[in-house]
Every structure is written in C-alpha cells, then in structure tokens.
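Here is the structure we will look at, set down as structure tokens.
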Amino acid sequence: MKGVASRRRVSVFGATGSIGCNTIDLLTRQGGAETYDVVALSGASNVALLAEQAIRLRAKIAVTALPECYGPLKQLLAGSGIEIAAGAQALVDAASEQADWTMAAIVGVAGLAPTLAAAKHGGVLALANKESLVAAGGLLMARCAEYGTQLLPTDSEHSAIYQTLQGRDIAEVERIVLTASGGPFRNWTRAAMADVTPELAKAHPKWNMGERISIDSATMFNKALEMIEAQHLFGVKPEQIEVIIHPQSIVHSLVGFVDGAMLAHLGPPDMRGAIGFALNWPKRCDLPVARLDLAALARLEFEAPDLERFPALALAQNVLRDGGLSGAVFNAAKEQALDLFLAGRLGFLAMADLVTATMERLAAYSKYGHTSYVLDDVTEIDAETRRVAQGLSAG
Ligand code: NDP
Ligand code: MG
C-alpha cells in the first residue's frame with residue numbers, strides 16, 4: 001500500500017447514508033479525529049447530519065452533491081473552518097484530494113465519477129457503491145491497477161468472498177456462490193407480487209439498508225448487480241457465478257474450489273463487519289458486531305432462486321455474457337425503473353419488464369460490445385438508456 005502516513009487520511013463519500021453512518025460509527029469508535037485525519041465527507045440532502053459528522057470528525061472538507069444545499073450547509077458550518085462545496089464536480093474535486101483510505105458509499109451511478117477519482121490515490125478504496133463496478137467495471141479495475149490502489153469490496157457477499165480467497169490462487173476456484181436472503185417476497189406468488197407498493201418493498205427482513213438497495217433486494221436486482229460486481233472483482237467466468245437463497249443471511253457467501261471443497265464466510269447481518277474488515281485491513285481488529293451463537297441459530301437453510309419470479313437474475317446472466325457497456329445499460333435501466341416505481345408510475349413486476357425491454361431496444365444499437373471505453377461513454381449511454389426507458393414506460 002503506497003502513501004500510508006502515520007495518521008491515516010480518510011474520506012467518506014455518502015457519509016450520511018446507511019453505509020456512510022456505519023463507517024462514521026467505526027471511525028468514531030476507533031478514535032475519530034484523534035486517530036484519523038478526515039479529509040472529505042460527502043452527503044446530499046441531509047446537510048444537518050453531514051455538518052454534525054464533519055464537526056465531530058474535524059473534517060477538512062464537507063461536500064453536498066446538491067447545489068441548492070450549499071447555503072444551508074454553509075450556515076451550519078459557519079465559523080468551523082471546514083471547507084464547503086456543492087455539486088457533482090465538487091464531489092470529484094474532493095475525491096481527488098489525497099487520502100490513504102476512501103469509502104465509496106454514494107448510492108447509484110452518481111458515485112462513479114468520485115470513485116474513479118479516488119482510485120488514483122494508491123491507498124485503499126473500500127467499495128460499497130456496486131453501481132461503479134456494474135456500469136464501468138473494466139474502467140475502475142484498470143484505474144486501480146494503474147495507480148496501485150487496493151480495491152476492497154464492502155458489499156457483504158464480496159467482502160466474504162474476498163476474505164475466503166485470502167492466500168489462494170483464483171485458478172483454484174471452480175465457482176463463487178453468492179447468498180441472497182430472498183427479500184420480503186421470497187415466498188409470495190407472482191400474482192401477489194404484482195401489487196407490491198414501495199412501502200412494502202422497503203422493509204427488508206434481515207438487513208437495515210438504504211431505501212433503494214432495499215427495494216433492489218426485494219426484486220433481486222441487487223443480487224443481479226452483485227453477480228456482475230463479482231465478475232469484475234474476481235475475474236471469474238459467467239458460468240462460475242451462482243446464486244443461492246439463504247433466508248437467515250448468516251452465510252455471506254461461499255467459494256467452491258477445484259478439489260470440491262467449499263469455504264464459507266459466516267457472520268451476523270451487520271455491515272460493520274465488512275466495513276470494519278476494509279477499514280483495518282490487512283489486520284483484523286475487534287469490531288462491535290454480535291458474535292454468532294450457532295446453537296441458538298440451530299439451522300441454516302438454502303434453496304434455489306426462482307428465475308420466473310425474479311427475472312433480474314436471468315438478465316444479469318446476459319450482462320455477464322455480453323460484457324462491455326451492457327452493465328451500464330442494465331444499471332441505468334434499473335435505476336430508471338426504480339425511480340418510476342418510487343413515483344408510483346410503474347408496478348413492482350413491471351420494473352423487470354421495463355429493464356428487459358430497454359436492453360432489447362438498445363441492443364439494436366450494438367453499443368454493448370465495446371471493451372475499451374471512457375467515463376464519457378458510460379455517462380452518455382447511461383443518459384440514453386434512461387431516455388429509452390422513460391419513452392418505453394410512457395408509450
Ligand atoms: P443510502 O441511500 O442510505 O445513502 C446514500 C448516500 O448517498 C447518502 O449519503 C446520500 O446523501 C448520498 N446521495 C444520494 N444521492 C446522491 C447523489 N445524486 N450524488 C451524491 N450523493 C448522493 O444508501 P446505502 O448506504 O444503503 O447504499 C450506498 C451504496 O452502498 C449503494 O451503492 C448500495 O448498493 C451499497 N451497499 C449498501 C449496503 C447497505 O447495507 N446499505 C450493503 C451493500 C452495498 P443524503 O442521505 O444526504 O441525501
Ligand atoms: Mg450485498
């Protein structure tokens with residue numbers, strides 16, 4: 001790891017979200033401003049929380065993604081000496097400030113540009129923002145390799161796989177098995193799922209997460225994104241990536257090796273496990289997570305996913321096979337479908353239908369196959385995909 005100062009310089013993007021707050025909690029427990037030089041913290045609409053975090057951790061810079069929130073943030077931080085900035089470019093500028101450890105926890109493809117900027121530091125990039133890998137995995141992985149940046153997955157499944165692979169050669173891996181809780185509608189019929197509202201879909205049975213990822217878990221689009229995330233992170237072939245439903249969310253994922261052995265990672269459903277692993281890497285330190293009581297758990301169940309009720313998984317297999325910019329199209333279509341669902345303009349099951357139709361429409365442009373692309377290409381196809389999806393949903 002290059003550039004590690006005696007006091008680590010850390011930045012957290014998406015500090016006010018679910019992952020961000022868990023990260024701030026761990027930084028605070030590990031000494032806060034006494035231990036770390038906090039460079040940049042970012043949020044969007046929740047400026048009160050952002051200001052409180054920035055003062056508590058004595059951050060150098062506080063950035064809100066929303067230009068209209070600049071004034072309120074400035075007022076809250078008046079006299080603190082903390083630099084204030086707003087807008088998408090300000091996020092990239094803050095992410096370009098040298099840091100030894102960065103948490104990328106903005107939600108959605110909005111996190112891509114700052115994540116790519118942070119990948120230039122040569123330190124640790126803890127990645128929760130899976131959309132960066134789905135939309136531009138080739139770009140992000142190449143950027144990390146070019147600058148010697150250590151990418152540490154902070155999705156629980158991918159952290160589990162990363163931990164399980166420590167000291168192993170990827171050539172020894174036969175398959176990667178991602179576990180999925182199955183979400184709140186695991187046992188619902190397709191007919192019942194048609195009437196699901198955003199309120200119902202937000203209530204995840206096992207994990208306490210942001211609104212968008214909770215709904216993505218209910219449709220299993222989250223697991224679909226994670227399949228693509230795994231392909232980029234671990235360099236495995238599409239046919240080596242499997243999904244298994246595991247309602248208890250205790251086994252975070254498994255790796256099957258060529259000799260038939262499987263190694264699993266177990267832990268409580270608490271994101272501070274994966275975040276803390278990335279924060280303390282390469283060491284393991286005491287973390288404030290519950291310890292498993294296996295006797296009390298008694299049983300761990302597994303079942304095959306139902307691709308009829310959760311077509312997102314089948315769509316992800318196409319993306320794994322097509323590569324290139326197909327992930328950017330998939331992610332943008334999914335984000336657009338989710339916006340429409342949240343606005344009450346699209347049904348729960350219609351989200352997957354719209355993503356399917358959008359991907360079919362854009363396949364005609366045969367832009368998918370591009371293997372060498374830059375950020376502007378991703379931004380362009382993201383915008384085009386949203387336009388196509390909006391048109392299809394209206395028409
Ligand atoms: P949240 O919705 O809880 O938080 C999102 C964060 O991003 C907030 O800080 C929010 O600011 C900020 N934000 C929102 N919109 C924008 C924007 N347009 N530009 C910049 N910043 C923005 O999300 P989560 O913490 O749940 O998820 C964050 C990421 O981590 C996602 O990519 C998710 O898939 C991934 N992840 C999350 C897990 C979880 O347990 N929550 C598990 C694994 C992965 P504000 O709140 O101030 O408006
Ligand atoms: Mg996950």
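Just so it is clear, the model here is predicted, and its values are computed rather than measured. This chain uses plain numbering: 1 for the first residue, then up along the sequence. Side chains included, hydrogens not; waters and symmetry mates left out as well; all remaining heavy atoms used. Indexing begins at 1, ligand by ligand and atom by atom, following the structure's order.
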**Report entry** Derivation and outcome, side-chain contact (heavy atoms from CB on, under 4.5 Å), residues Arg386 and Val109
**Finding:** CA-CA 12 Å; Arg386 287 170 200 259; Val109 80; 3.5 Å; yes

Assess whether a salt bridge exists between [X] and [Y], defined as any Lys/Arg side-chain N lying under 4.0 Å from an Asp/Glu carboxylate O.
X: Arg291; Y: Asp286; answer: yes
X: Glu97; Y: Arg9; answer: no
X: Glu308; Y: Arg190; answer: no

Closest [X] atom to the Mg ion (ligand 2) [N, O or S only]:
X: Glu157; result: OE1
X: Asp155; result: OD1
X: Glu226; result: OE2

Evaluate [X] for polar contact with ligand 1, using N/O atom pairs at a separation under 3.5 Å.
X: Ser42; value: no
X: Gly210; value: yes
X: Ser18; value: yes
X: Ile19; value: yes
X: Ala44; value: yes
X: Asn46; value: yes

Which residue and atom name correspond to the protein heavy atom nearest [atom], and how close is it?
atom: atom 6 (C) of ligand 1; result: Ala105 O, 3.7 Å
atom: atom 44 (C) of ligand 1; result: Asp155 OD1, 3.5 Å
atom: atom 29 (C) of ligand 1; result: Ile106 O, 3.7 Å
atom: atom 34 (O) of ligand 1; result: Lys130 CE, 3.2 Å
atom: atom 14 (C) of ligand 1; result: Val107 CG1, 3.8 Å
atom: atom 19 (N) of ligand 1; result: Ala65 CB, 3.4 Å

Which of the ligand 1 atoms, numbered from 1, are nearer than 4.0 Å to a heavy atom of [X]:
X: Thr16; answer: 8 (C), 9 (O), 10 (C), 11 (O), 45 (P), 46 (O), 47 (O)
X: Ala128; answer: 30 (O), 32 (O), 35 (C), 36 (N), 44 (C)
X: Ser45; answer: 45 (P), 47 (O), 48 (O)
X: Glu131; answer: 31 (C), 32 (O), 34 (O)
X: Gly17; answer: 1 (P), 3 (O), 4 (O), 8 (C), 9 (O), 25 (O)

Query - Polar contact flag, side-chain donor to acceptor under 3.5 angstrom, Gln163-Ser159 - result: yes

**Report entry** Test side-chain contact (heavy atoms from CB on, under 4.5 Å) applied to Lys223 and Glu157, step by step
**Finding:** CA-CA 10 Å; Lys223 208 52 54 182; Glu157 297 77 1; 2.8 Å; yes

Please report the closest heavy-atom contact between [X] and [Y], naming both atoms and the distance.
X: Ile244; Y: Phe302; result: CG1-CB, 3.9 Å
X: Ile381; Y: Thr385; result: O-OG1, 2.6 Å
X: Ser393; Y: Gln390; result: OG-O, 2.9 Å
X: Leu125; Y: Cys144; result: CD2-SG, 4.3 Å
X: Ala126; Y: Trp101; result: CB-CZ2, 3.7 Å

**Report entry** Candidate pair Thr219 and Lys334, rule side-chain contact (heavy atoms from CB on, under 4.5 Å), full reasoning
**Finding:** CA-CA 10 Å; Thr219 51; Lys334 191 280 298 174; over 6 Å; no

Query raised in the report: Would a distance-only check, ignoring hydrogens and angles, find a side-chain to backbone donor-acceptor pair under 3.5 Å from Thr35 to Gln30?
Result: yes

Contact partition for [X] relative to ligand 1, non-hydrogen atoms under 4.0 Å:
X: Ala110; result: side chain
X: Leu91; result: side chain
X: Ile213; result: side chain
X: Met209; result: both

Query raised in the report: Does the side chain of Thr179 come within less than 4.5 Å of Ser249's, by heavy atoms?
Result: no

